[in-house]
Each structure stands twice: as C-alpha cells, then as structure tokens.
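To start, the structure itself, in structure tokens.
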Amino acid sequence: MKKRNWLLPACAALMLGACSDESSQQPEGEAQETPAQTDVEEELASEQSESEADPAEEEQENAQEQASQEDKQTAEPRYRINPQNSKVEPIGDANEQAVLITIDDAPDTYSLEMAETLQELDVPAIFFVNGHFLDTEEEQETLSKIHEMGFAIGNHTNTHVNLKQSTESVQQEEILTVNEQVEAIIGEAPKFFRAPFGVNTEFSKALVEQEGMVRMNWTYGYDYMQGYMETDALADIMVNAPELNDGGNLLMHDREWTNEALPQIIEGLRSKGYEFVDPDEIEKISS
C-alpha cells in the first residue's frame with residue numbers, strides 16, 4: 001500500500017501532461033500501474049480463476065466422461081468367453097495372443113495395491129468380489145476406488161460357498177446379495193460371475209444368465225497351491241505354465257505373495273508377446 005500511495009502524485013503529474021484523448025481513455029481516479037504491479041495482479045487473478053471451478057465446465061466434463069463410458073459399453077465386442085472351458089476367444093480381427101487377468105476374493109487385503117500395480121502397468125482386469133469383504137465402510141470405499149480406476153467388478157458370491165452343496169434359495173441369496181451390494185456401492189451391478197471352486201449348478205447358471213452376467217471359471221491358476229505360495233515360484237509358474245496359451249483366463253487371488261509377484265507376472269507375459277484383454281471388450285449377456 002505504501003508503494004501505491006507514493007505513486008499517486010507522480011501519476012497525477014503524468015496525467016496532467018498527457019494529451020487530452022489519452023486521458024479520456026483512462027478511467028477517472030484510477031492510478032496507472034507499473035509493470036511489476038500488473039504482473040503480480042495478473043498472477044493473482046489467474047490463481048483465483050484457477051481455484052474457482054466453473055460449474056458449466058465441470059458439468060461438461062462429467063457429460064463427456066459419461067458419454068465415454070456409454071461408448072465403451074455400446075462398442076462392438078472383440079472377445080467372448082467360451083462357456084465350456086472359459087477361454088477368451090477373439091471376435092473378428094481381435095488379437096488372438098491375449099490373456100485375461102482376474103483377481104478373486106476382492107477386496108480383502110491387497111486388492112487396492114494390486115489394482116494400483118495393474119493401473120501403473122496399463123493392464124485391465126476383473127476383480128471378483130465376495131460380499132463378506134464389503135461389510136465395512138473402508139472395504140466399500142476400497143471397492144469404489146478400484147472401480148473408479150477403471151477395473152471391472154465381478155460377483156464371487158457372498159460367503160464363498162460351494163453352490164452344489166447349497167439349496168436353491170441359498171444359491172439365490174449368495175448371488176443376488178452381492179449384485180445388490182455392488183450396485184449400491186458403485187452404481188452398477190457386476191457384469192461377470194465366477195463360482196467359488198469353479199462349481200456351478202443348473203440353477204446358478206440360469207440365475208446368472210437371467211441377471212445378465214457372463215459366467216466363467218479359469219484356464220489356470222496356482223497361487224492357492226502348495227509350493228506356489230511364494231513370490232518367485234508363483235511368478236515363474238504363471239509365466240511358464242504349460243497351460244499358458246492364447247485366450248488364457250488367468251486366475252489369481254487377493255494374497256500377499258500374489259500381490260508381490262504381480263509385476264513379474266505381467267512383465268513376463270508381455271515379454272512372451274501377450275496382450276491383455278479389456279473386460280469392456282468382452283461380449284455381454286442381455287438380462
């Protein structure tokens with residue numbers, strides 16, 4: 001303020017000596033600013049405008065994001081799941097040398113970290129959810145974060161029961177409870193279903209189809225077997241398994257050793273020339 005007050009007399013003298021048409025263009029009573037003052041005030045104004053969100057721009061960005069999601073959902077599918085063996089089959093000219101990454105028992109302990117790893121490596125995946133891992137607000141927030149990162153969410157039943165050992169009413173509750181929970185949390189029901197232990201029944205198959213979910217098991221997975229509950233052994237077998245081939249549906253779980261091995265598994269598969277199937281490009285079922 002002291003600097004501006006000091007400038008007032010000088011500015012007034014300059015204005016008296018200026019030509020009449022220039023003085024008429026200057027707003028009355030407004031002191032002429034020095035370049036330094038102008039720079040500072042412009043910077044402050046810029047910072048203020050950046051800090052104030054434009055509701056119209058926000059609305060436009062949200063609309064564009066929603067349109068992008070709708071485009072992905074309505075895009076022509078490039079892959080389908082073979083219901084007999086769960087292999088991922090290309091449609092048309094889709095790349096045959098591709099595999100699907102799936103994570104079961106989410107979002108228990110390591111799912112969010114695994115999602116962050118996959119996102120960093122630019123790898124899509126399906127996270128199959130158990131309802132008993134959605135009991136707390138923290139667990140629900142974890143699921144929201146995984147979904148917001150762009151990963152597909154699948155149904156893995158509520159309490160991980162063997163469906164063949166369950167009555168039809170229990171099977172229905174196990175499946176529909178998770179659909180309702182997931183939809184309440186992320187705004188949409190799961191598009192994929194995987195039965196615990198890979199065990200389905202005629203009832204569960206019909207219910208899953210009725211709910212518009214793609215049913216799948218897997219082509220191979222090792223992180224639940226003795227000898228592979230260790231980082232290096234698991235990374236090696238997942239990349240060099242005899243079952244690895246085009247259209248592989250790779251089963252992994254929310255486990256400490258799987259979380260640690262995940263970067264090696266992804267890089268190993270890439271080094272063999274495999275691409276990764278985007279679940280958004282898998283043919284869906286109309287409910």
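Computation of the quantities below employed the complete heavy-atom set of this structure, encompassing side-chain atoms and omitting hydrogens, waters and symmetry-equivalent molecules.
Between the side chain of T102 and the main chain of L250, a donor-acceptor pair closer than 3.5 Å is present. Within the 3.5 Å criterion, the main-chain N or O of D236 finds a donor-acceptor partner in the side chain of N240. The backbone N or O of T109 sits less than 3.5 Å from a side-chain atom of D254, completing a donor-acceptor pair. A distance-only check finds a donor-acceptor pair linking the side chain of E230 to the backbone of D232 [under 3.5 Å]. Judged by distance alone, with hydrogens and angles left aside, the side-chain atoms of E281 form no donor-acceptor pair with the main-chain N or O of R78 at under 3.5 Å. Although no hydrogens or angles enter the test, the distance criterion places a donor-acceptor pair under 3.5 Å between the side chain of T142 and the main chain of E138. A donor-acceptor pair under 3.5 Å links the side-chain atoms of K272 to the main chain of V239, judged by distance alone. Q97 places no side-chain N or O within 3.5 Å of a backbone atom of G247 that could act as its donor or acceptor partner. The backbone N or O of M238 lies less than 3.5 Å from a partner atom in the side chain of Y220, making a donor-acceptor pair.
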* To do: Could you check Q171 against T201 for side-chain contact (heavy atoms from CB on, under 4.5 Å), going step by step and ending with a plain yes or no?
  => CA-CA 9 Å; Q171 294 178 54; T201 67; 2.5 Å; yes

* side chain to side chain donor-acceptor pair (under 3.5 Å) between E275 and N95: does it pass, once the steps are laid out? -> CA-CA 8 Å; E275 293 184 5; N95 184 18; 3.2 Å; yes

* Asked: When you look at E139 and D108, which way does the side-chain contact (heavy atoms from CB on, under 4.5 Å) test go after all the steps?
  -> CA-CA 8 Å; E139 290 171 332; D108 185 6; 5.7 Å; no

* To do: List the steps and the verdict of side-chain contact (heavy atoms from CB on, under 4.5 Å) for L244 and T219.
  => CA-CA 8 Å; L244 173 61; T219 58; over 6 Å; no

* To do: Decide yes or no on side chain to side chain donor-acceptor pair (under 3.5 Å) for Y79 and E96, but give the supporting numbers first.
  => CA-CA 9 Å; Y79 295 92; E96 293 184 4; over 6 Å; no

* Would you please test D223 and Y228 for side-chain contact (heavy atoms from CB on, under 4.5 Å) and show each step? => CA-CA 6 Å; D223 65 354; Y228 300 107; 6.0 Å; no

* Hey, mind stepping through E173 and N158 against side chain to side chain donor-acceptor pair (under 3.5 Å) and telling me if it holds? -> CA-CA 8 Å; E173 183 179 359; N158 189 37; 5.8 Å; no

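Checking each of N130, N155, I153 against V178 for a side-chain contact (heavy atoms from CB on, under 4.5 Å) leaves exactly one that passes, namely N155. Among N259, I146, T117, the one residue that satisfies the side-chain contact (heavy atoms from CB on, under 4.5 Å) test with L112 is I146. The only member of Y110, F133, F151 that meets ring-ring contact (aromatic ring centres under 6.0 Å, His included) when paired with F127 is F151.
A distance of 7.0 Å separates CG in L163 from CD in E174, rounded to the nearest 0.5 Å. Note: I265 CD1 to Y222 OH = 12.5 Å, rounded to the nearest 0.5 Å. Atom CD1 of I81 is separated from atom CD of E283 by 10.0 Å, given to the nearest 0.5 angstrom. Atom CE of M114 and atom OG of S111 lie 6.5 Å apart (nearest 0.5 Å). The OG1 atom of T157 lies 12.0 Å from the CG atom of L176; values are rounded to the nearest 0.5 Å. Remark: Q84 CD to N217 CG distance equals 11.0 Å, nearest 0.5 Å.
Cluster annotation: L134 and M149 are assigned to the same hydrophobic cluster (Ile/Leu/Val/Met/Phe/Trp/Tyr, side-chain heavy-atom contacts under 4.5 Å, transitive). Hydrophobic clustering (ILVMFWY, side-chain heavy atoms < 4.5 Å, transitive): V170 and F193 are in distinct clusters. Connection of V277 to I101 is not established within any shared hydrophobic cluster, with ILVMFWY side chains joined at heavy-atom distances below 4.5 Å, either directly or through further cluster members. Taking hydrophobic clusters as Ile, Leu, Val, Met, Phe, Trp and Tyr residues chained together by side-chain heavy-atom distances below 4.5 Å, L207 shares a cluster with M213. In the hydrophobic clustering of ILVMFWY residues, with side-chain heavy atoms under 4.5 Å counting as a link, F276 and I91 come out apart.
The heavy-atom pair separating L121 from P263 by the smallest distance is CD1-CA, 4.1 Å. Of all the heavy atoms in G268 and S271, the pair that sits closest is O-OG, 2.6 Å. Here the closest heavy-atom approach between residue H132 and residue T159 is recorded as ND1-CA, 3.4 Å. The two residues V129 and P107 come nearest to each other via the heavy atoms CG1-CD, 4.3 Å. The minimum heavy-atom distance between P279 and P124, with the atom names listed, is CD-CB, 3.7 Å. Listed here is the closest heavy atom pair of F203 and E168: CE2-O, 3.3 Å.
Contact check for E183 versus E188: no side-chain heavy atoms found under the 4.5 Å cut-off. Between L251 and R194 there is a side-chain heavy-atom pair separated by less than 4.5 Å. A 4.5 Å side-chain heavy-atom check between L262 and M252 finds at least one atom pair inside the cut-off. R215 places a side-chain heavy atom less than 4.5 Å from the side chain of P83. Looking at heavy atoms from C-beta onward, K87 lies out of side-chain contact with D246 at the 4.5 angstrom threshold. Between H253 and I103, the closest side-chain pair of non-hydrogen atoms is not below 4.5 Å. Proximity of V182 to N179: side-chain heavy atoms (C-beta onward) are nowhere separated by under 4.5 Å. For the pair F192/I126, a side-chain contact is recorded, criterion being any heavy-atom separation below 4.5 Å from C-beta on.
Between the side chains of N249 and S86, no donor-acceptor pair of N or O atoms lies under 3.5 Å.
Checked against the 6.0 Å centroid criterion, the rings of H160 and F197 qualify as a close aromatic pair.
Taking a 6.0 Å sphere around CG of D135, one finds it holds more than 12 heavy atoms contributed by other residues, nucleotides or ligands. More than 12 heavy atoms of other shown residues, nucleotides or ligands fall within 6.0 angstrom of atom NZ in K205.
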